[in-house]
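As structure tokens, the structure follows; a few thoughts come after it.
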Amino acid sequence: VLKAKFEAAQKPFSDENYSLAIQQLTQFIQTTPTTSYTYEAYYKLGFSYELLGDIDNAIQSYNQVEGDYKERSVRNVADLEYQSGNFSVAAEKYGELQQIASRKRYIRDALIGLTKSYFEINDYEAANYYADQIISENLTANFNIAELYKGKVLLAQGQADAAITQFQKAISLAQDKYAAESQYNIG
């Protein structure tokens with residue numbers, strides 16, 4: 001019976017009818033607040049809000065999630081906070097993600113998010129530390145991001161020549177938006 005209720009509540013989500021999904025998932029959570037499906041319902045509720053651009057309610061819903069959907073939810077909150085310019089809160093959430101991450105992609109997301117967030121709040125020592133962590137975790141596909149931010153830190157600290165060397169490393173690693181940003185920073 002409970003599974004059938006949850007399946008009915010999440011059907012609009014599966015059908016990509018996110019407005020109706022919000023209504024039905026909210027009703028499910030209100031009528032059955034502590035079940036094995038509650039956290040999945042909160043995750044899907046948060047995702048629905050996010051897709052409809054209601055960031056505050058998305059964050060509020062994601063923050064209720066525990067269990068299997070916790071990593072995804074914390075990552076989504078961190079990303080939303082970063083995109084909203086709340087870099088200190090984003091850094092906290094990426095730090096939380098780093099602590100709980102069991103999958104390599106979430107470890108990668110946490111380290112990249114920490115690097116970028118700390119750079120944005122001018123904590124260059126922390127930004128550099130997490131850029132080094134990307135390298136030490138052997139996240140080879142993301143070395144160029146690390147090199148870009150190491151260069152940005154050096155540039156922000158007035159070490160232009162050293163920054164150019166870092167930017168050149170980033171450019172040599174991949175031809176993507178990080179390489180383009182590195183090239184832009186060189187001039």
Side-chain angles (χ1 to χ4, degrees), residues 43 46-47 49-51 53-66 68-187:
Y43 175 78
F47 197 80
Y49 278 125
E50 182 179 349
L51 288 176
D54 187 343
I55 303 307
D56 291 339
N57 278 319
I59 290 170
Q60 187 177 11
S61 297
Y62 285 139
N63 280 331
Q64 300 301 313
V65 175
E66 296 292 335
D68 293 342
Y69 288 83
K70 180 76 172 177
E71 287 174 307
R72 282 184 249 184
S73 295
V74 172
R75 191 233 14 237
N76 289 3
V77 169
D79 288 347
L80 290 171
E81 294 289 6
Y82 184 89
Q83 291 162 13
S84 297
N86 301 323
F87 302 118
S88 293
V89 177
E92 287 176 30
K93 295 308 276 188
Y94 286 123
E96 180 182 347
L97 178 59
Q98 183 189 23
Q99 296 301 313
I100 65 170
S102 61
R103 296 181 182 113
K104 192 148 186 134
R105 75 175 180 184
Y106 293 127
I107 294 167
R108 176 202 67 210
D109 292 347
L111 292 174
I112 291 169
L114 284 161
T115 301
K116 293 167 76 173
S117 296
Y118 280 116
F119 179 81
E120 292 297 335
I121 57 177
N122 301 323
D123 186 340
Y124 301 132
E125 185 177 334
N128 214 34
Y129 172 80
Y130 289 109
D132 285 338
Q133 290 297 304
I134 292 168
I135 295 167
S136 71
E137 285 285 335
N138 202 28
L139 301 172
T140 53
N142 304 106
F143 282 1
N144 61 332
I145 298 170
E147 298 297 350
L148 166 65
Y149 275 88
K150 289 168 75 64
K152 288 173 79 165
V153 165
L154 289 166
L155 192 60
Q157 294 173 329
Q159 300 177 46
D161 290 341
I164 289 171
T165 301
Q166 287 301 137
F167 293 139
Q168 289 169 336
K169 282 185 188 177
I171 293 166
S172 72
L173 290 168
Q175 296 302 309
D176 59 9
K177 66 182 182 177
Y178 303 106
E181 186 176 345
S182 293
Q183 185 62 52
Y184 174 81
N185 280 304
I186 291 172

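Remember, it's a predicted structure, so these values are computed and weren't measured experimentally.
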Inset, instruction - Work out which heavy atom in F87 is nearest to a heavy atom in S117; give both atom names and the distance. - result: O-CB, 3.7 Å

Inset, instruction - Flag the pair F167 / L155 as yes when at least one side-chain heavy-atom distance between them is below 4.5 Å, and no otherwise. - result: yes

Inset, instruction - Calculate, to the nearest 0.5 Å, the distance between atoms CG and OH belonging to L173 and Y178 respectively. - result: 13.5 Å

Legend entry - Pairing of K93 and D79 as salt bridge, 4.0 angstrom limit: no

Inset, instruction - State, with a plain yes or no, whether a side-chain heavy atom of L148 is found less than 4.5 Å away from one of N144. - result: no

Inset, instruction - Please answer whether the main-chain N or O of Q133 pairs with a side-chain N or O of S136 as donor and acceptor at a distance below 3.5 Å. - result: yes

Legend entry - Close side-chain approach of I186 to I171, heavy-atom, < 4.5 Å: yes

Legend entry - Within 6.0 Å of CG in D161, more than 12 heavy atoms from elsewhere: no

Legend entry - Closest non-hydrogen atom pair between E137 and K104, with its separation: O-NZ, 3.4 Å

Inset, instruction - Taking all heavy atoms of A179 and all of A170, pick out the closest pair and write down the distance. - result: CB-O, 4.3 Å

Inset, instruction - Report the C-alpha distance between E50 and Y62 in whole Å, list the side-chain angles of each, state the deciding distance to 0.1 Å, and finish with yes or no for side chain to side chain donor-acceptor pair (under 3.5 Å). - result: CA-CA 10 Å; E50 182 179 349; Y62 285 139; 2.6 Å; yes

Legend entry - Flag side-chain contact, heavy atom, 4.5 Å: K150 against N128: yes

Legend entry - Interatomic distance, K152 atom NZ to F119 atom CZ [nearest 0.5 angstrom]: 5.0 Å

Inset, instruction - I would like to know whether Y43 and N76 meet side chain to side chain contact (heavy atoms under 4.5 Å, CB included); could you show each step before the answer? - result: CA-CA 10 Å; Y43 175 78; N76 289 3; 3.7 Å; yes

Inset, instruction - Apply side chain to side chain contact (heavy atoms under 4.5 Å, CB included) to the pair Q159 and Q166, showing each step before the final yes or no. - result: CA-CA 11 Å; Q159 300 177 46; Q166 287 301 137; over 6 Å; no

Inset, instruction - Could you tell me whether a side-chain N or O of N185 sits under 3.5 Å from a main-chain N or O of E181, the two making a donor and an acceptor? - result: yes

Legend entry - Approximate separation, where rounding is to 0.5 Å, of Q98 CD and I107 CD1: 8.5 Å

Legend entry - Contact check, side chains of L97 and V77, non-hydrogen atoms, under 4.5 Å: no

Inset, instruction - Look at the side chain of E71 and the backbone N and O of S102, then say whether any donor-acceptor pair between them is shorter than 3.5 Å. - result: yes

Legend entry - Spacing of OG belonging to S84 relative to CG belonging to D56, to within rounding of 0.5 Å: 8.0 Å

Legend entry - Heavy-atom donor-acceptor pair, N86 side chain to V89 backbone, under 3.5 Å: no

Inset, instruction - Output, in order, the C-alpha distance, side-chain angles, deciding distance and verdict of side chain to side chain donor-acceptor pair (under 3.5 Å) for Y130 and D132. - result: CA-CA 5 Å; Y130 289 109; D132 285 338; over 6 Å; no

Inset, instruction - Supply the atom-to-atom distance D123 CG to Y129 OH, rounded to the nearest 0.5 angstrom. - result: 12.5 Å

Inset, instruction - Kindly compute the distance separating OG1 (T115) from OH (Y94), expressed to the nearest 0.5 Å. - result: 10.5 Å

